[in-house]
Structure formats: C-alpha cells, structure tokens
Asks: 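Quick one: this structure, given as structure tokens, is what I'll be asking you about.
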Amino acid sequence: CYDRIVVKIPDGWETFENYMGETILTAPWGKNYTVHSVLGGNEYPYFRTFGNGENICLDVIEVIEC
C-alpha cells in the first residue's frame with residue numbers, strides 16, 4: 001500500500017487525462033510526460049525532467065495515508 005499525495009502543479013505546467021485514464025503533464029516547453037515517468041523523491045516529491053535535467057520541487061497540499 002502506498003500513501004497518496006496531493007501536490008500543487010508548478011506554474012506553467014498543465015494536466016489532462018489521456019484515453020487510458022492516465023494523468024498527463026505538459027511541461028512549459030511543450031513536452032508531455034506521464035506522472036509516473038517524472039515523479040521522484042521519497043520524503044520531498046519533485047518532477048525530474050529529461051529534456052533539461054532539472055528537478056522541480058513540488059508543494060505538498062495533503063498526504064493521504066493508506
């Protein structure tokens with residue numbers, strides 16, 4: 001069982017749901033990522049992007065324990 005987190009999406013990023021029900025993130029530079037492909041961190045979550053090698057820290061709004 002994994003805890004779930006609710007985070008604030010960084011400015012300039014957008015989200016949508018694809019036909020398979022996955023949440024997709026669109027970066028400010030126009031590249032699309034699945035949440036699972038860019039979400040990193042254990043204690044402090046972040047997006048790790050592959051285009052520019054940047055880690056973008058996320059503000060945690062809520063932790064939902066399982």
Asks: Do I9 and V63 share a hydrophobic cluster, counting only Ile, Leu, Val, Met, Phe, Trp and Tyr and linking them when any side-chain heavy atoms are less than 4.5 Å apart?
Replies: yes
Asks: Taking atom CD of E14 as the centre, does the number of heavy atoms from other residues, nucleotides or ligands within less than 6.0 Å exceed 12?
Replies: no
Asks: Could you tell me if the side chain of T15 sits less than 4.5 Å from the side chain of T26, heavy atoms only?
Replies: no
Asks: Quick one: closest heavy-atom pair of H36 and R48, and the distance?
Replies: O-NH2, 4.5 Å
Asks: Taking the side chain as every heavy atom from C-beta outward, state whether L25 and V38 have any pair of such atoms under 4.5 Å apart.
Replies: yes
Asks: Taking everything shown except Y2 itself, do over 12 heavy atoms lie less than 6.0 Å from its OH?
Replies: no
Asks: Do Y44 and C57 come within less than 4.5 Å of each other through their side chains, counting heavy atoms only?
Replies: no
Asks: Quick one: closest heavy-atom pair of L58 and K8, and the distance?
Replies: CD2-O, 4.1 Å
Asks: So, do D59 and V7 sit near enough that their side-chain heavy atoms are less than 4.5 Å apart?
Replies: no
Asks: Got a second to check how far I56's CD1 is from Y46's OH, nearest 0.5 Å?
Replies: 11.5 Å
Asks: Is the closest side-chain heavy-atom distance between Y33 and F47 below 4.5 Å?
Replies: no
Asks: Enter the distance from I24:CD1 to S37:OG here, rounded to the nearest 0.5 Å.
Replies: 8.0 Å
